[in-house]
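Computed from a prediction, not measured in an experiment: that's the story for all the values here.
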Amino acid sequence: MPFFKPRENTAALVDFTRLPRHVAIIMDGNGRWAKKRGLPRTAGHAAGAENFRTIATYCKEIGLEYLTVYAFSTENWKRPADEVAAIMGLLKKYLIEAIEKMERDRVKMCFFGDLSPLPEDLRLLCEQTREISRHYDGVQVNICLNYGGRDELIRAAKAFAMDCASGRADPNHLSEGQFSGYLFSRGVPDPDLVIRPSGELRISNFLLWQSAYSEFYYTDVLWPDFSKDELHRALAAYQHRQRRFGGVTNA
């Protein structure tokens, strides 16, 4: 008789009464997922987009306050034109569907990054989504689109310098909190947990300022296969860590 291993109840690993406020995910591994199956890279991005919908919906169900995902970086423009076009098409499709369901789901959606280089129809959808979201409370999903951590810091530094030149700011009294107000993420708490699927062990220009004291969770699972079970494992790992923020504990 074949032996069947019982499925692990990963939800039991998590204390849902003390979730992190803010989880950020680098959605990596779509291309490799497709290659393993003999499919074009665009198929991997389609699978990854569908998984984003699944994970974002589940984060809302469990009461997470903020979810930030890395959808398209400033460096991703270097990819083949057909792949970039496919990603933009998927983003457009997702936003159209999201707008249709926003009144039902009541998920706030924001965008971090410079949207100006995007196709006009996609940029207008982003603005429409952002405007509708202003009326909702609850989970906020931040989509990093044409986003790069270094680019964000340079833009913030330039904006602060301009305010100093015009007399609106004093360079001798700049604080971390004040500088954070110049970032795309202004008003959003820093991520408590950053998750990177796909086996890569780097930050890839993602939330460089905001993740200074984040906990990191790495897994070899490729993003399209990143399931609720894997999210449970990441949350459980986070809950077993002590966050000292540079200090010490008495434990």
Side-chain angles (χ1 to χ4, degrees), residues 20 22-37 39-60 62 64 66-79 83-95 97-98 107 109-113 115 118 122 126 129 139-149 152 184-185 188 191-208 210-211 214-235 237-238:
H22 185 178
V23 172
I25 304 177
I26 301 173
M27 301 188 296
D28 192 23
N30 294 335
R32 276 168 285 169
W33 182 90
K35 185 177 179 180
K36 284 175 61 176
R37 290 159 176 78
L39 300 171
R41 290 175 58 85
T42 52
H45 292 303
E50 188 59 37
N51 196 45
F52 162 62
R53 188 196 312 275
T54 299
I55 295 299
T57 300
Y58 185 61
C59 286
K60 173 182 179 290
I62 63 177
L64 196 71
Y66 297 91
L67 172 68
T68 299
V69 296
Y70 209 1
F72 191 85
S73 76
T74 50
E75 292 74 34
N76 286 158
W77 295 106
K78 302 172 186 176
R79 295 187 176 189
E83 183 174 344
V84 170
I87 294 172
M88 294 298 161
L90 287 168
L91 286 166
K92 179 180 177 181
K93 177 177 180 291
Y94 175 79
L95 289 179
E97 293 174 356
V107 173
M109 293 182 66
C110 296
F111 298 89
F112 295 172
L115 304 184
L118 300 180
L122 179 56
C126 291
T129 305
V139 64
Q140 176 171 316
V141 177
N142 307 305
I143 301 176
C144 293
L145 188 52
N146 192 34
Y147 172 90
E152 179 180 36
F184 291 124
S185 61
V188 175
D192 303 291
L193 172 65
V194 177
I195 300 172
R196 174 125 199 196
S198 84
E200 302 291 353
L201 304 177
R202 58 178 178 269
I203 196 169
S204 293
N205 204 17
F206 182 53
L207 301 179
L208 298 181
Q210 299 89 337
S211 64
S214 301
E215 296 294 327
F216 283 77
Y217 178 85
Y218 297 100
T219 173
D220 290 335
V221 174
L222 302 175
W223 172 247
D225 290 330
F226 188 91
S227 62
K228 296 177 185 178
D229 287 332
E230 197 61 39
L231 179 62
H232 292 155
R233 294 185 185 100
L235 293 172
Y238 167 83

Inset, instruction - Go through W77 and N146 one step at a time and tell me if the side-chain contact (heavy atoms from CB on, under 4.5 Å) criterion holds. - result: CA-CA 9 Å; W77 295 106; N146 192 34; 2.8 Å; yes
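- The shortest distance between side-chain heavy atoms of E152 and L208 does not fall below 4.5 Å.
- The minimum heavy-atom distance between A43 and W33, with the atom names listed, is O-CZ3, 4.1 Å.
- Residues W223 and G48 approach most closely at NE1-O, 2.9 Å, considering heavy atoms.
- Panel note: side chain R53, backbone A49; no donor-acceptor pair is recorded below 3.5 Å.
- The side-chain heavy atoms of P191 and L207, taken from C-beta on, include a pair separated by under 4.5 Å.
- Note that OG1 of T219 and CD of E200 are 12.5 Å apart. Values are rounded to the nearest 0.5 Å.
- Rounded to the nearest 0.5 Å, atoms CG (L90) and CG (N30) are 9.5 Å apart.
- Of the inter-residue distances, the one linking L122 atom CG with I87 atom CD1 reads 11.5 Å to the nearest 0.5 angstrom.
- Atom OG of S227 is separated from atom CZ of R233 by 6.5 Å, given to the nearest 0.5 angstrom.
- P197 approaches I25 most closely through the heavy-atom pair CD-CG2, 4.3 Å.
- By the 30° and 60° cut-offs, the orientation of the rings of Y66 relative to H22 is tilted.
- Residues L231 and I195 form a side-chain contact, since some pair of their non-hydrogen atoms from C-beta on lies under 4.5 Å apart.
- Atom CZ in F111 sits 7.0 Å away from atom CG in L145 (nearest 0.5 Å).
- Q210 has its side chain out of reach of F184: every pair of non-hydrogen atoms, C-beta onward, lies at least 4.5 Å apart.
- Of all heavy-atom pairs between A86 and T42, the closest is CB-CG2, 3.4 Å.
- Put simply, the side chain of R32 never gets that close to the backbone of L222: no donor and acceptor are under 3.5 Å apart.
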Inset, instruction - Determine, stepwise, if the pair K60 / V141 fulfils side-chain contact (heavy atoms from CB on, under 4.5 Å). - result: CA-CA 9 Å; K60 173 182 179 290; V141 177; over 6 Å; no
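- A donor and an acceptor atom, one from each side chain of S204 and R196, are located under 3.5 Å apart.
- A donor-acceptor pair under 3.5 Å links the side-chain atoms of N205 to the main chain of G149, judged by distance alone.
- Closest of all the heavy-atom pairs between A234 and L193 is O-CD2, 3.9 Å.
- Under the 4.5 Å side-chain criterion, counting only non-hydrogen atoms from C-beta, V194 is in contact with F216.
- Side-chain contact check for C126 versus I143: every heavy-atom pair is 4.5 Å or farther apart.
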Inset, instruction - Report the C-alpha separation of S211 and I203 in whole Å, then their side-chain angles, then the decisive distance to 0.1 Å, and conclude whether the side-chain contact (heavy atoms from CB on, under 4.5 Å) test is met. - result: CA-CA 9 Å; S211 64; I203 196 169; 3.3 Å; yes
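- Atom CZ of residue F226 and atom CD1 of residue I55 lie 6.0 Å apart, to the nearest 0.5 angstrom.
- Between the side chains of T54 and N51, no donor-acceptor pair is found at a separation under 3.5 Å.
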Inset, instruction - Given side-chain contact (heavy atoms from CB on, under 4.5 Å), test I62 with L235 step by step and report yes or no. - result: CA-CA 12 Å; I62 63 177; L235 293 172; 4.2 Å; yes
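- Side-chain contact between V84 and N76 is absent, with no heavy atoms from C-beta onward closer than 4.5 Å.
- Aromatic ring orientation, F206 versus Y147: perpendicular (interplanar angle above 60°, classes split at 30° and 60°).
- In this structure, F72 has its ring center at least 6.0 angstrom away from the ring center of H45.
- Smallest separation of non-hydrogen atoms from Y70 and M27: O-CE, 3.6 Å.
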